[in-house]
Peer 1: 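Quick one: structure below, then a few questions.
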Amino acid sequence: MQYDEIMVRYGELSTKGHNKRHFIERLGTNVRDALHQFPNVKVHPKADRLHVILNGENSVQVMDHLKMVFGIQTFSPVVKVAKDYSAVVKAATALIADQVSKPTTFKVETKRSDHHFEMDTFQMNRQLGADLLEAFPELLKVDVHQPAVTVWVEIRLDGIYLSSEVIKGAGGLPVGTAGKGMMMLSGGIDSPVAAYLAMKRGVSLEMVHFYSPPYTSEQALAKAKELTGKLANYCGSINFIEVPFTEIQETVKEKVPEGYLMTVQRRFMLRLAVELANRRKGLAIFNGESLGQVASQTMESMRTIEEVTNLPVLRPVLSYDKTEIIKIAEEIDTYDLSILPYEDCCTVFTPPSPKTKPRIDRAQKYEQVLDIDGLMQRALAGIKITRIHAGEEFLNQNEDVFAELL
Ligand code: ATP
Ligand code: MG
C-alpha cells in the first residue's frame, strides 16, 4: 500500500499550555532528525497534529523510525485522494484489502472541514459503509459501537484523507524539552535502561563512562559505546565522554580501608560527573541505581556518596525490580549487549564486603590523605569525547572480540 503521509498525534504534549509551541517545534526537529535518511520526506508540525509527507518514500521504513521518537502518542498512515467520491471508494477498498485478512467488524467515521463538498458526514458514512460491505461481503460486518476497524475519512479543502490504522508511538516527551543531564553509563543492565527512561521524559543526555585500563579491556569500552549507539536510536546522536579512572582506583585501593573502597570510588565518580556537568551545562546527574539491589545502593550509601555535591542525582530505575529492568532492557534491545562478560571498572575493584551503611564522617576522614584536586584534574585532562550516532557499532569492528569469549 502506497501511503501519502503519516499523521502524528501528540498525546501528553497537547496539555502543555504555554510551552506547547516549544514542545511541538522540538518534536518537529527530532522527527526530521530521525528521518534524515529519507530525503524526500517533509515534516510539518502543526498545533493539533504533525504531518509527515512521504513524497514517495517507503511508509513502512519511515514508521519504523517514527516508533522510536518520544513525544508521539499514536500515528496513522494516510492516503490522500482527489475530492471525488469514486476516488474515496477506491482508496478505502485498497485500505481494507491491505489490512483485513479475516472476518471482522468495521465502521466509517467522517469529519468534514470543507462544507461545500457534495456529501455530508452522514451520507459519507452510510454510502461508503455500504460500498465496502458490498466489496467484502465475506470479511466485513458493521458495528458502529465497538468496531475492530475504523475507516476515517477527513474531507478537507485540499483533498480527502483516509486512514484505518492507529499505531502506538513511544509516548513520553520530546528529547531536549527537559534540559541536559549527565548519565553515568556503565556496561551493565541498569544504566542503559535508566538512560532510556530519562530520555523518554525529555532529557537530552551526555554519557559519562569511567574506564580503568589495563584492568578493563578495550572491549568493555567498546561495549559502553555500542550501548550508547543503541540508545541514540531514540534521539539521533549522543556525546560519549570517557573518563580515565585507573589512577583514582589504584590510589583509593592503596590508601582507603577496604570497607570504604566502594564508597570513596563512587564519591570520585560523582565529583567528576558533576564537574563535567558544570563545564557542559548539565542540570543533573543520572545513574542506574535501584534501591537495595547491591551494597552501594542502600539509602545510607546514596546519602554518603551524594554528600559531595548539591546537584540533583536522579535515579530513573530506583523503584524497579531487577526483572522489570530486564524486561525494558530486552524491549530496547540493550540486554544482549549488557550481559556480554567484559568487566567494567567497578567489578575489578569491588571489595568482597563493602559497607552497606557507610558514614559521611568516615568517608571524609579517609579522603583526607588523598590529593582529591590533583586526582580529579588528571582524570579530567584525559577525557575523550565521541559523538555516537543511532545504531553505530563498536564491538564488531574488532574481530577477535568474540574469540576472547570462546
Ligand atoms: P549497572 O547495571 O547500570 O552497571 P549495577 O546494578 O551494576 O548497575 P553498580 O555497578 O553498583 O550497579 O553501579 C551503579 C551505577 O553507578 C550504575 O548504574 C551507573 O550509573 C554508575 N556506574 C557504575 N560503573 C560505572 C562506570 N564504569 N562508568 C559510569 N558509570 C558507572
Ligand atoms: Mg555495574
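Values below: every heavy atom of this structure, side chains too, minus hydrogens, waters and symmetry copies.
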Peer 1: Within the supplied structure, the quantity of interest is the number of heavy atoms (other residues, nucleotides, ligands) at a distance under 6.0 Å from Arg126 CZ; does it exceed 12?
Peer 2: no
Peer 1: For Gln99 and Ser164, does a side-chain donor sit closer than 3.5 Å to a side-chain acceptor?
Peer 2: yes
Peer 1: Would Lys230 and Asp333 count as a salt bridge (charged side-chain N to carboxylate O under 4.0 Å, His left out) here? Give the steps.
Peer 2: CA-CA 7 Å; Lys230 289 270 184 207; Asp333 199 26; 2.7 Å; yes
Peer 1: Verify the ring-centre separation between Phe240 and Phe394: is it less than 6.0 angstrom?
Peer 2: no
Peer 1: Going by atom types only, do Ser191 and Ser186 share a side-chain donor-acceptor pair under 3.5 Å?
Peer 2: yes
Peer 1: Apply the side-chain contact (heavy atoms from CB on, under 4.5 Å) test between Val153 and each candidate in Leu128, Thr121, Val81, Asn125; give the one that qualifies.
Peer 2: Leu128
Peer 1: Can Arg26 and Thr177 be counted as having a side-chain donor-acceptor contact under 3.5 angstrom?
Peer 2: no
Peer 1: Is atom OH of Tyr234 surrounded by more than 12 heavy atoms (other residues, nucleotides or ligands) closer than 6.0 Å?
Peer 2: yes
Peer 1: Okay, side chain of Thr309, backbone of Leu311: is any donor-acceptor separation there less than 3.5 Å?
Peer 2: yes
Peer 1: Please assess Tyr3 against Tyr161 for the test ring pair (Phe, Tyr, Trp, His ring centres under 6.0 Å), listing each intermediate value before the final yes or no.
Peer 2: CA-CA 10 Å; Tyr3 291 100; Tyr161 295 74; over 10 Å; no
Peer 1: Side-chain contact test, heavy atoms from C-beta onward, threshold under 4.5 Å: evaluate it for Phe106 versus Leu133 and give yes or no.
Peer 2: yes
Peer 1: Determine whether more than 12 heavy atoms belonging to other residues, nucleotides or ligands lie under 6.0 Å from atom NZ of Lys322.
Peer 2: yes
Peer 1: Would you find more than 12 non-hydrogen atoms of other residues, nucleotides or ligands less than 6.0 Å from Gln146 atom CD?
Peer 2: no
Peer 1: Hey, is Asp158 close enough to Lys83 for a salt bridge, meaning N to O under 4.0 Å?
Peer 2: no
Peer 1: Take Thr304 and Arg266, measure what side-chain hydrogen bond (donor to acceptor under 3.5 Å, both in side chains) needs, and give me the verdict at the end.
Peer 2: CA-CA 10 Å; Thr304 299; Arg266 296 286 157 143; over 6 Å; no
Peer 1: Should the heavy atoms of other residues, nucleotides or ligands under 6.0 Å from NZ of Lys253 be counted, would the total exceed 12?
Peer 2: no
Peer 1: Answer whether the closest heavy-atom distance between the side chains of Val78 and Asp4 falls below 4.5 Å.
Peer 2: no
Peer 1: Apply salt bridge (charged side-chain N to carboxylate O under 4.0 Å, His left out) to the pair Glu109 and Lys107, showing each step before the final yes or no.
Peer 2: CA-CA 7 Å; Glu109 198 169 312; Lys107 76 167 174 181; 3.1 Å; yes
Peer 1: First locate atom CD1 of Ile167, then atom CD1 of Ile72, and finally report the distance between them rounded to the nearest 0.5 Å.
Peer 2: 11.0 Å
Peer 1: Kindly indicate whether the side chain of Leu272, heavy atoms from C-beta on, has any atom under 4.5 Å from the side chain of Ile248.
Peer 2: yes
Peer 1: With a 4.5 Å heavy-atom cut-off, do Leu231 and Ile332 have their side chains touching?
Peer 2: yes
Peer 1: Within the supplied structure, the quantity of interest is the number of heavy atoms (other residues, nucleotides, ligands) at a distance under 6.0 Å from His44 NE2; does it exceed 12?
Peer 2: yes
Peer 1: Tell me yes or no: between the side chains of Glu307 and Gln364, is some donor less than 3.5 Å from an acceptor?
Peer 2: yes
Peer 1: Whether the Thr298 and Arg303 side chains hold a donor-acceptor pair (N or O, under 3.5 Å, no angle test) is what I'd like checked.
Peer 2: no
Peer 1: Under 3.5 Å, is there a donor on one side chain and an acceptor on the other for His51 and Glu5?
Peer 2: yes
Peer 1: Are the side chains of Phe23 and Leu173 in contact, using a 4.5 Å heavy-atom criterion?
Peer 2: yes
Peer 1: Do Lys180 and Leu205 have side chains that get closer than 4.5 Å, going by heavy atoms?
Peer 2: no
Peer 1: For residues Val52 and Val41, determine if any side-chain heavy atom of one lies less than 4.5 Å from a side-chain heavy atom of the other.
Peer 2: yes
Peer 1: Looking at NZ of Lys255 and CG of Leu370, how far apart are the two atoms once the value is rounded to the nearest 0.5 Å?
Peer 2: 6.5 Å
Peer 1: How about Ser113 and Arg156: does a side-chain donor come under 3.5 Å of a side-chain acceptor?
Peer 2: no
Peer 1: Looking at Phe268, does the NZ or CZ of Arg271 lie under 6.0 angstrom from its six-membered ring centre and within 45 degrees of the ring axis?
Peer 2: yes
Peer 1: Within the 3.5 Å criterion, strictly below it, is a donor on Thr323 or Asp321 matched to an acceptor on the partner's side chain?
Peer 2: no
Peer 1: Between Thr246 (side chain) and Pro213 (backbone), is there a donor-acceptor pair under 3.5 Å?
Peer 2: yes
Peer 1: How far apart are the C-alpha atoms of Lys42 and Glu57, what are their side-chain angles, what is the distance that settles it, and do they pass the salt bridge (charged side-chain N to carboxylate O under 4.0 Å, His left out) test?
Peer 2: CA-CA 10 Å; Lys42 290 270 173 298; Glu57 299 284 4; over 6 Å; no
Peer 1: Under a 4.5 Å cut-off applied to non-hydrogen side-chain atoms, are Val256 and Lys365 in contact?
Peer 2: no
Peer 1: Do other residues, nucleotides or ligands put more than 12 heavy atoms under 6.0 Å from the NZ atom of Lys355?
Peer 2: no
Peer 1: Should the heavy atoms of other residues, nucleotides or ligands under 6.0 Å from CG of Asp48 be counted, would the total exceed 12?
Peer 2: yes
